[in-house]
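Worksheet: one structure, shown below.
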Number of protein chains: 2
Amino acid sequence: MPSPAEEPPEAPAPARRGRPGYDQETVLRRAVELFNTQGYDATSVGDLARDLGITKSAIYHHVSSKEALLSAALDEALDGLTAAVDRAVAADPDHTALERLRAVVEESVRILVRHLPAVTLLLRVRGNSEVELSALRRRRTLDEKLARLVTEAVAAGELRDDISPDLISRLLFGTVNSLVEWYRPGGPVGEDELAHAVATLAFEGLRA
Amino acid sequence: MPSPAEEPPEAPAPARRGRPGYDQETVLRRAVELFNTQGYDATSVGDLARDLGITKSAIYHHVSSKEALLSAALDEALDGLTAAVDRAVAADPDHTALERLRAVVEESVRILVRHLPAVTLLLRVRGNSEVELSALRRRRTLDEKLARLVTEAVAAGELRDDISPDLISRLLFGTVNSLVEWYRPGGPVGEDELAHAVATLAFEGLRA
């Protein structure tokens, strides 16, 4: 069990305009970090304003509500993951189900790395509001598409049939999701190495 | 990415004595469930008393403090995992490093299933108090023993050497830990099937 990283994921450096802390992107990045560190429910717009060293009304100049920040962050994560899954599902039929599944796994790892704070937030959502429920519905749609891809690969004899397709799906994407607990960009393991390692472990296994 | 389960892990039915809700084990089980659902910091002894339908002083009859409940739960998870790792490390030298590592993975899955609420709590600890820091130190000791076992298996040529031993450790136990996000006892997948599936995915891979 990897120990948790000491620090929450760092948001990528936002494109700033004007004084630091005043553009919409910076407000969103800091909001996601606070939501991840102290929890969405426990974070107020006042906390965010204090953290950024600006007034609450300066924040409301950029965003309509705390929930709009949550919604934007969850969409950031879900849009990336949905695009990856849809690309794989719609891929050239020359590609086998296994090839397409492997592409989804690698691409999901890359999206997780590039949007780590947003994906971390997504994985913690439990459905406490309409925004969260809507994100969970989008996640479920993704899960269903992935499960179909797994079932197809099992049916084609490309994946082992001694583990149920449903269990394969859960283990496979559980492995991908678990990266948010320890992976930090800028460390010794790059995005491509990580994507390759996860897919290798999952499909080929660790045995020499 | 498996969708999160709708409900937090159910604690195993505690051994009760006297009126329900009044023995120490019941208090501990309910406390762990509340800590997992609403967060340790956000849960007061008053919340726990209300949830159990008893008075705060009835709770203090069984436990000295909220922190004592946290400590007991974290020890429950860590004692099981430590015993599993130590058994593997001390195993008969006839067993290869790979065999011992596989045994640790399977045994860790079983402990996770049997002590799901306590392990879930352990995996969320971030070091906000001396009790949490002490649990993180014990986790780190476990991680180090596991990492040595992985390094040994790579050195013996039993595990692939194109992924660094450190990355193997993190992915391997990340996969195990990710089970807390979706596995619920009493569902279609039993403990042994789960342990076997995780070890098979990790060591043999999913490819047919």
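Hydrogens, waters and symmetry mates play no part in the numbers below; they use all other heavy atoms, side chains included. Lettering follows sequence order; numbering is per chain, from 1.
Atom CD of residue A/Glu191 and atom CD of residue A/Glu106 lie 11.0 Å apart, to the nearest 0.5 angstrom. To the nearest 0.5 Å, atoms CD (B/Glu132) and OG (B/Ser71) are separated by 10.5 Å. For the atom pair OG1 (B/Thr26) and NE2 (B/His62), the distance works out to 8.5 Å, reported to the nearest 0.5 Å. Of the inter-residue distances, the one linking B/Arg30 atom CZ with B/Asp47 atom CG reads 11.5 Å to the nearest 0.5 angstrom.
Proximity to chain A (any heavy atom under 4.5 Å) is restricted, for B/Glu158, to the backbone atoms N, CA, C and O. Proximity to chain A (any heavy atom under 4.5 Å) is shown, for B/Leu159, by both the backbone and the side chain. A/Leu201 touches chain B through backbone and side chain together, each having a heavy atom under 4.5 Å away. Both the backbone and the side chain of B/Val198 come within less than 4.5 Å of a heavy atom of chain A.
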